[in-house]
Structures are given as structure tokens and as C-alpha cells.
2 protein chains.
Amino acid sequence: MRISRRVRFESTQLVAPHQLSVMARLEDRALTPRELAGIECVSPPSMTRTVSGLVERGLVARQDDPLDGRQVFLSLTAFGLLTLKETRRKRDAWMASRLRGISAEEREVLVRATEILTRLASE
Amino acid sequence: MRISRRVRFESTQLVAPHQLSVMARLEDRALTPRELAGIECVSPPSMTRTVSGLVERGLVARQDDPLDGRQVFLSLTAFGLLTLKETRRKRDAWMASRLRGISAEEREVLVRATEILTRLASE
DNA sequence: AGGAATAGTTAGCATAGTTAATGAGTTAGG
DNA sequence: CCTAACTCATTAACTATGCTAACTATTCCT
């Protein structure tokens with residue numbers, strides 16, 4: 001929890017972490033709110049609010065599904081893509097400054113740990 | 001973020017994670033709200049609320065500092081200690097079930113990664 | 001003795017999560 | 001073919017946890 005809070009604090013303030021996570025999901029392809037909610041382990045209403053914030057700020061666009069009137073497709077706008085990249089750059093700059101202080105061998109440990117945890121979380 | 005949410009979800013619901021973290025700090029020795037706020041990277045008012053919740057539930061006790069009337073010492077009650085241990089037991093049972101699925105070598109990677117991240121977060 | 005600093009709290013606000021209920025759209029069965 | 005049941009997204013109302021600013025009480029310092 002402490003590490004998570006610390007990272008949150010240090011990360012850029014441009015876009016909140018959970019918003020950034022959603023934007024990253026939309027980088028590859030458009031998704032529906034329900035799909036996003038499932039991926040992010042959040043209820044659909046939560047995702048609605050998160051997405052609404054992004055839409056208001058012009059980072060994400062809603063598009064009706066022509067085949068299924070109930071559904072909505074969400075995708076990054078050009079501005080959203082730019083912001084995603086910029087936010088990543090800033091966040092990575094902070095992280096890189098921390099990682100410079102540790103050895104290559106320690107970095108490798110973190111890479112492997114991330115793989116293991118990602119696998120455990122997805123099971 | 002996703003992993004953090006997942007752990008939160010799977011953890012026992014007896015005590016919220018940030019409350020548990022505070023209780024664990026008090027296991028060794030009594031601390032003041034301010035000290036706890038510093039350790040947990042949280043503002044003093046936030047810590048007041050967290051602690052108040054624990055006091056209301058009989059898990060933590062407030063004691064006036066006889067030497068400095070401004071200060072308060074916080075310590076675990078007997079019930080608090082019991083709850084801490086029980087909550088840990090449940091949480092560890094879930095975590096253990098996940099860790100059973102990975103190799104001893106992978107567990108070692110996680111141990112080392114934790115050490116590295118703890119060091120980075122404390123700098 | 002009196003002003004500055006410190007500790008804890010209170011009050012008010014923001015964010016992000018939840019469940020329950022609503023409305024629109026789709027699908028399937030009689 | 002039309003109605004009943006389901007699905008999707010959203011809204012409403014509530015909870016939890018963080019923050020800053022302001023307040024009270026105490027201590028420290030000159």
C-alpha cells in the first residue's frame with residue numbers, strides 16, 4: 001500500500017492513474033465500457049464515471065455501435081494519444097531516475113517479479 | 001494499480017488494508033498519530049480518521065502522554081492484537097494458495113523484489 | 001509573560017469505489 | 001409477431017479515504 005501511494009504521488013498529475021490505465025487499454029483498439037470494467041476489475045458504473053471524465057476532457061471519444069444499439073465503443077482521440085504518451089514520458093522519467101540508482105541485476109529481478117505478479121493477478 | 005486492487009479485493013474484509021497497516025505499526029510499540037502519518041505517507045487528519053475508526057471498534061487505544069499534553073500515544077488493545085493476527089492468517093492463507101502455484105525460484109525473485117522496492121520507496 | 005511553534009482534531013471538499021434502479025435495445029419462445 | 005426476459009450503459013444514493021484550512025490546547029523560547 002505504501003509503495004502504491006508513493007508511486008501515485010510521484011506520478012504526473014496530468015491524468016489520474018486509473019484514467020491512464022484505461023487510456024492505455026484503448027491504445028490498441030476500441031473497447032466497450034463493460035469490457036473495460038472487466039479488465040480493470042471495477043464495476044460498470046465506476047467505469048462510466050471514469051470514462052465520462054476522460055470524454056469531458058476530450059481524451060476519449062464515445063461512438064455508438066451500429067450493430068448493437070445498447071453498446072458504445074470507446075477510443076482514444078488524437079489528443080488522448082498525445083496525452084498518454086506525454087504522461088508516460090514523465091512517469092518514466094521519474095521511474096528511470098529511481099532505477100538508475102540500482103544495479104542491472106536488481107533491475108532484472110524487478111522485471112521478473114512483474115512478470116510473475118502479472119501472471120498471478122490474471123489467474 | 002490492478003494488482004493492488006486485486007489484493008485488496010481478496011484480502012479479508014475484517015479490517016481495511018490501511019487500518020491493518022496502522023495496526024501492524026503499533027504491534028511493536030506505541031506511536032503518536034503524527035508518527036503514524038509520516039510512516040504511512042498520509043496527512044495527520046487522515047490518520048486521525050483512520051485511528052478513530054480503530055478506536056471506535058476497540059482495536060486501538062488512545063493514551064495521553066504524561067510528559068507532553070499535546071501528544072497522544074496509540075497502542076493495540078488485546079482485541080486489536082488478536083484481530084491483527086487473525087486478519088494476517090486469512091490474508092496469508094490466500095497469498096499462500098497463490099504462492100503454492102509458483103516455483104521456489106520464483107518466490108525468491110518476489111522476496112528480492114520486495115526488498116528492492118522497499119528500499120526505493122524509503123529513499 | 002507573551003508570542004511562535006507544535007500536536008491533534010474538526011469541518012468541508014474531492015475522488016473513486018459500491019449497489020440498486022432505470023431506460024433503451026436485443027433476443028428468443030409461444 | 002409480439003411479448004417476456006435479458007443485456008448494456010447510465011443515473012442516483014451511499015461509503016470510504018484522501019486532502020487543505022482552520023481551531024484548540026499545549027509547550028517552547030526570549
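Bear in mind that the values here come from a model prediction, so they are computed numbers and not experimental data. Residue numbers start from 1 in every chain, and the chains themselves are labelled A, B, ... in the order their sequence lines are given, proteins ahead of strands.
Salt bridge B:Glu40/B:Arg25: present, at least one basic N to carboxylate O contact under 4.0 Å. A salt bridge links A:Arg119 and B:Glu106; the closest N-O separation between the charged side-chain nitrogens and carboxylate oxygens is under 4.0 Å. The residues A:Arg88 and A:Glu27 are annotated as salt-bridged, a charged nitrogen and a carboxylate oxygen being separated by less than 4.0 angstrom.
Note: CZ (B:Arg49) to P (C:dG12) measures 13 Å, nearest angstrom. When the P atom of C:dA7 is taken as reference, atom CD of B:Gln63 falls 19 Å away, rounded to whole Å. Put simply, CD on B:Glu56 is 11 Å from P on D:dA16, counting in whole angstrom units. Distance CG (A:Leu36) to P (D:dT10): 11 Å, rounded to an integer number of Å. When rounded to the nearest whole Å, the span between NE2 of A:His18 and P of C:dA14 equals 16 Å.
Distances shorter than 4.0 Å separate some side-chain N or O of A:Thr50 from OP1 or OP2 on C:dG17. Between A:Arg62 and the phosphate of D:dC8, there is no side-chain N or O to OP1/OP2 separation shorter than 4.0 Å. The phosphate of D:dT17 (OP1 or OP2) has no side-chain N or O of B:Ser46 nearer than 4.0 angstrom. Taking side-chain N and O atoms only, B:Thr48 has no distance below 4.0 Å to OP1 or OP2 of C:dG8.
Remark on the helix from C:dA1-D:dT30 to C:dG30-D:dC1: inter-end axis angle 0°, axes from five-pair C1' superpositions, rounded to 10°.
For the segment residues 65-77 of chain B, the set of residues with a heavy atom within less than 4.0 Å of an atom of DNA chain C comprises B:Arg70, B:Gln71, B:Val72, in numerical order.
Using a 4.5 Å heavy-atom threshold, the side chains of A:Val109 and A:Val111 count as separate. For the pair B:Thr77/B:Val60, no side-chain contact is recorded, criterion being any heavy-atom separation below 4.5 Å from C-beta on.
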Test side chain to side chain contact (heavy atoms under 4.5 Å, CB included) on A:Arg57 and A:Gln19 and set out the steps. CA-CA 11 Å; A:Arg57 292 172 59 183; A:Gln19 292 180 319; 3.6 Å; yes
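Checked against C:dG8, D:dT10, C:dG17, the side chain of B:Pro33 finds its nearest nucleotide in C:dG8.
Contacts of B:Pro45 with the nucleic acid, taken as non-hydrogen atoms under 4.0 Å apart, include base atoms.
Evaluation of the side-chain contact (heavy atoms from CB on, under 4.5 Å) rule for B:Glu56 yields no partner, not counting sequence neighbours.
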